[in-house]
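All of these numbers come straight from a predicted model, not from anything done at the bench. In the text below, chain A, chain B and the rest are named by the order of the sequence lines, each starting its count at 1. Basis for what follows: all heavy atoms, side chains included, without hydrogens, waters or symmetry-related copies.
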Amino acid sequence: MTTEPDKTDYKNTLCLPQTAFPMKANLYQRETEILRRWHEISLDQLIARKPSGNGTYILHDGPPYANGHIHVGHALNKILKDIVVRHRTMLDYHSPYVPGWDCHGLPIEQKVTSELGPKKASMTPLEIRRLCEQYARKWMKVQSEEFQRLGVGGMWDKPYLTIDPRVEASIVRALGELTARGYIYKGLKPVYWCVNCQTALAEAEIEYENCVSPSIYVKFPVCEPESRAATAGLLNPGIVIWTTTPWTLPANLAVSLHPDFKYVAIRVKTPRSSGDFQSDAKGDAEDWIVAKDLVDAFVKDADLGDTEIVREISARDLEHMQLEHPVQPGRTSVVVLGTHVTLDQGTGAVHTAPGHGIEDFIVCQEYGLPTIVPVDAAGRFTSEFQLMEGMLVWEANGPIVRYLDEKDILIRHKPYEHSYPHCWRCHKPIIYRATEQWFMNVDHDDLRKKSLAEIDASIKWIPKWGHDRIYNMIAQRPDWCLSRQRVWGVPIPAVDCKACGKAVLSPDVIAKFAAVVESRGTNAWFEDEVEAFLPDEFKCPDCGAREFDKEHNILDVWFDSGSTHVGVLESRPELRSPADMYLEGSDQHRGWFHSSLLISMAIRGKPPYREVLTHGFVLDGKGEAMSKSKGNVIAPQDVIKKYGADVLRLWVASQDHGDDDKVSNEILERVGEAYRRIRNTIRYLLGNLCDFNPATDTVPYEELTEIDRWALHQLHELVVNVARAYDEYEYHKIVSLTHPFCVVRLSAVYLDVLKDRVYCSGAKSHPRRAAQTAQYEIAQALLRMLAPILVFTCDEAYQLLDAETPSVHLRSYPQPPDRWRQPALAAEWERLLAVRADVLGALEDARKEKKAIGQSLEARVVIATADKTLMSLLTPRRDDLADLFITSQAELAAEPPAEDGAITRLQGERAHVTVYHATGSKCARCWKFSPSVGGGLSHPALCDRCADVIRRHY
RNA sequence: GGGCCUAUAGCUCAGCUUGGUUAGAGCGCGCCCCUGAUAAGGGCGAGGUCGGUAGUUCGACUCUACCUAGGCCCA
C-alpha cells in the first residue's frame, strides 16, 4: 500500500472476524445435512474403531415399546443415554450402544385385534401374531428414524428386538433355567374374567359402567362366643359385613378386620332380617360387631333405630375367631386382620373370598387359607356350592339373599348403583375369579434376600433414593405371575397330561422348544403338534401317561425385557454382562430394573448392572402430566422443527433429572436463547481464528499476556468442573457452567478486551497470535466438552476449526495442561475485575448523568486511592488498565481530583474513579483517542501504534 | 390408603450434607451505549423472604411434624 488510505480504507487493514459458521443456525435443515455427512463417512464405524485405552463401557438400552411415534419422554431418555455413551467414548472407552425394542405384549395385540373388528373371530392365533409382528416392525422402523434424527448414535442397523428368534430363544431358555432351579410353580390367582367370552381379561381390557347391584348387610354369628373374652356375655353376637356381590358368599373363607381400627358391639333391639321391623314380635336383642367409626353410618343406612354400644373390642382380640358360614352349612369363616380394610363404606368388617378378590386372596395367603373357586369358566356354580350347583352367578344373587333372610342373618337389602367393571368386547359385567397361573417364587433359594443384599451392596443407584424405592418394592412384592392368556408373546411351553390333567413345565421340553425357536421363532409353538417338543420317553411325572396337550399361555412381557441381559448382553460379541449402566425413567424401578434384577439374580446369581441411573417424567410448565385431554402435550417432532434437535438436547441437559423435567414453550424459548448465545460465542472464536494455523502460529505459554493466561486459567477450571459434572451425570451443571462462561468470562470480559489486540495489532503480530492461541484452546475445549450434548453444532463448528479430523466425535475430552492453572493470578484478577466493574459503573454514570461520553473509548479514567494493597495491584498493570476497561486512557493518582468529572465510589471507600473525556483525537483506525493522532506525517489520521502497524504490514 | 420423590425470583439452576453476613447466577424484562461479533456485542437496573402452618433453637431457606400442590409406582 503506497498511498495513504482514507478513513474508510483503514477498515481494510483490520483483522475482523471471518467465518463460514453462520449466526443463524437453521438447525432443522442443517442437522439433516450433518446426519447425511455422518452416514457418508460412516461415522459410527469410525467411532467404533477409535482407540479405547480405557476398555469398554456398556450402557444397555431398555427397549421402548414398538407402537406409535416417540414422545418427549422417549426423546429425553434416548438423549440422556446418548450423552452418557458419547461422553464415555470421549473418555477413550469403547462404548457400543445397541438400541432395542420391546415388541410383544397386549397393547399391540389389542390394537391389531381392534383394527380387525369382527374379522378377528375367524382368525387363528397364528394369523393374529403375524399381524402383530408386522405392526411392531413398522413402528420400530418409525421410532428408529425418529431417534436417529435426535442425533442419537448407535448400532441402528443392528438393533435387538424381543421378536428376534435368537432373543426369543434366550427368553425361553431363561424360563428353562428358572424351571430347572425350582422357581416356577403353578398356582391360583384371581384375574378379571368374562363369563360370556370365557376368557381372562387384562386391566386394559376393562371398561367401567354404572349398574345396579344388591347391597346387603349380613351377620356372621360368632361360634362359641363364651369361649373368648372379647365376646363372652354378649347377646347372640355376630360380626356384620357389607357386600354388593352376594354370589361371592359361597366362596367366603374369612372376615377381615383392620388391625388398628376400634370395633364395638352394638345392641340392637329388633334383629329381624326382613327389613319389616314393624311386624317383629320376638323383641330379642342382639349384639353386632362393627367398626366404631362406622356405627352411625351403619345404623342409619340399615335403619336400625335405637342402638347402644355395649362394648369396645380391639380387632386383635377377635383374630382367628370362628364364625358361622352364611351359606355353606357346616363350614366356618375365620376372622383375619388386614390393612386393606377401610372406613369408606360398609362396617369395617370385610367379607373375604380369596377366589374372587385380589386383596382377599393376599390376606388369605398370609393366613394360610386355601383358595376355593366354586364358579366355573362359564360363571356357573360348581359342586363346591351344592345348594345352587349349575346356577349362573348373576342369577344366584336373589336366591342367596332369600336364603340369608330365611336364616335370619340378613340385616338389610337394598339396590345399589355403582360403577362396575365390564368386558370391553361384549360389554357384559365381568367377575373376579381365581384361575391357574404360572408363578415365579420370589423367595425360592433366598432370591428376595439375595436381591436385597445386592441392591444394598453392589449396585450404585443414581439418584440415591432409587435404592429405597426398589428395595421396598422387592421386599414387599408377591410372587411374579408370569402367565398371560393372550397370543402375542413368547409361549410358555407347558403341557397338560391328557390322562390326569397334570400341568407340566419341564426343562427338557423347554430346551427342545428353545432349539426350535432359535431357528423358526416362537410361532412354532402354534404351528407344530405337541409331539414336536416332547423329548423321547417323555411321560407325565404324576401318572406316567404319554399323551399331552399344549398349553396356550404366553409370558408376561416384562419377562421378555427382563431377560435381555441374557439374550443381548451375553449373546452379542460387542457387549457383556453385567452392563455398566441401565438408564431409564423412575417407573422402571417397578419395571425393567426390577424384572431384570430378579431374573439375573435367579439364574446368574449376580445383578445385570453396576449402576442404575433414573430420570423423572416430562411434565408441562406447571409441573403437571401431559395429556391429550389437557392439550399440554409437546411433541419432540415439533420442537425439532421449530428449534432443532440440538436445542432439544440442550433442554435435556439443562434439566435436573433428580426430579421431574418440565417443558413448555417458555422453557424452550429460554433454552433456545442459551443455545444462540453459545453458538455465537463459538462463531466469534472461529471468526477470530480464520487465519490461525495452530501448527505454525501458536505462541508459547510463557509469552502470552496476563489476560490470556487468566482466560486459560478460567478455561482450565471450566474443563475440570464440567468433567466432574459429566462424571456425576449432572448435566444441568454443565449448562449452568458453560453458558455463563461464554457470557460472563468470554463475551463480557476476555473477548471484549481482546478486540483491539485482535483487530488492530497486525495480522501476524505477536500480540494477536497470542490472543489467537488462547482463543484456539478455548474453542478446542469448548467444542469437545459440549460435543456429547450439542452433537450437531459442535460437529459443524469443529469442521471449521480442524478440517483434518472427520468429526469432533472422534476426539477425546480436553485435557488442559496443569500450568494453565494459576490460582494466585486468578485471585488477583478477581480483584482487578472488581475494579473494572466499578469503572464500568462510573462510565455508565458519565454516560447517563453527564452525557459526557458515548462509547467507552471516549473516556479517560483516573483511579485515585491511598490504599497500598490496591495500588500494588494496579501499579504494575498501569499500562494495561485502559485496555482492560476498554477506555482510551487510564491513570492512577494518589488523591481524588477536583469535581469536574463523574465520580463514583470504588472498592468500598478506599478509592475513587473519575471519568473525563479522553484527551487527543480519535484514531481513524482503532478508534482510540490519543494525543499522538495527527503527529505522524504519513498517517495524520492515525495514532502512533496504528501508524506503525500500517508501515510495517501494509 | 401405602412406598419413593419434588416445591428458592417470570424461566432454568446455586445455596440447605456441617442452621448464623444485605438468599446467588444466567436467561427473560426495563433503561442506556455501540454499529468493526450486527436478526450480534457491551453497560446499568428492577424482580424472590425461600409452597403453607406449627415446632426445635438465642437464631431456620437450611432441622422436625403436619398440611397443600404436583410426579412415579402400588393398592
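Atom name C1', nucleotides B:U21 and B:U49: the rounded distance is 16 Å, in whole Å. B:C50 and B:U22 have their P atoms separated by 16 Å, with the value rounded to a whole Å. Going from the P atom of B:G52 to that of B:G10 covers 13 Å, rounded to whole Å.
With B:C11, B:G36, B:C27 as the choices, the nucleotide that has an atom nearest any side-chain atom of A:L14 turns out to be B:G36. In this structure, of B:G41, B:G43, B:C13, it is B:G41 that holds the atom nearest to the side chain of A:D752. Listed candidates were B:G3, B:G26, B:C5. Nearest to the side chain of A:N472 is B:G3. You'll find that the side chain of A:D587 is closest to B:C73, out of B:C73, B:U35, B:C27. Side-chain atoms of A:Y759 lie closest to B:G36 of the nucleotides B:G36, B:C32, B:U38.
Base orientation of B:G30: anti, the glycosidic angle falling outside 90° of 0.
Look at A:Q855 and you'll find a side-chain N or O under 4.0 angstrom from OP1 or OP2 of B:U35. Taking only side-chain nitrogens and oxygens, A:S747 comes nearer than 4.0 Å to OP1 or OP2 of B:G42.
For an aromatic pair to be called close, the ring centres must be under 6.0 Å apart, and A:W592 with A:Y582 satisfies this. Ring centroids of A:W480 and A:F559 are separated by less than 6.0 Å, placing the two rings close together.
Looking at heavy-atom distances under 4.0 Å, A:R590 makes contact with sugar-phosphate atoms alone, never a base. Counting any heavy atom pair closer than 4.0 Å across all strands shown, A:V744 reaches sugar-phosphate atoms only and no base atom. Among the heavy atoms of the strands, none lies under 4.0 Å from A:W651. The residue A:A674 sits apart from the nucleic acid: no heavy atom pair falls under 4.0 Å. If you check every strand for non-hydrogen atoms under 4.0 Å, A:R477 touches nothing. In this structure, A:Q655 reaches the sugar-phosphate backbone alone: every heavy-atom distance under 4.0 Å involves primed, P, OP1 or OP2 atoms, never a base.
A salt bridge links A:E844 to A:K848: one of the charged nitrogens lies within less than 4.0 Å of a carboxylate oxygen. For A:R30 and A:D646, the salt-bridge test fails: no basic side-chain N is under 4.0 Å from an acidic carboxylate O.
Both A:P740 and A:G623 sit near RNA chain B, but only A:P740 has its closest nucleotide nearer the 5' end.
Using bins of under 30°, 30° to 60° and over 60° for the plane-to-plane angle, the ring pair A:H589/A:W461 lands in the tilted bin.
Put simply, the side chain of A:T19 and the base of B:A37 share no donor and acceptor less than 3.5 Å apart. Side-chain atoms of A:R847 stay outside donor-acceptor range of the base of B:C44, with no qualifying N/O pair under 3.5 Å. For a distance-only test at 3.5 Å, the side chain of A:K733 fails to qualify as a donor-acceptor partner of the base of B:A14.
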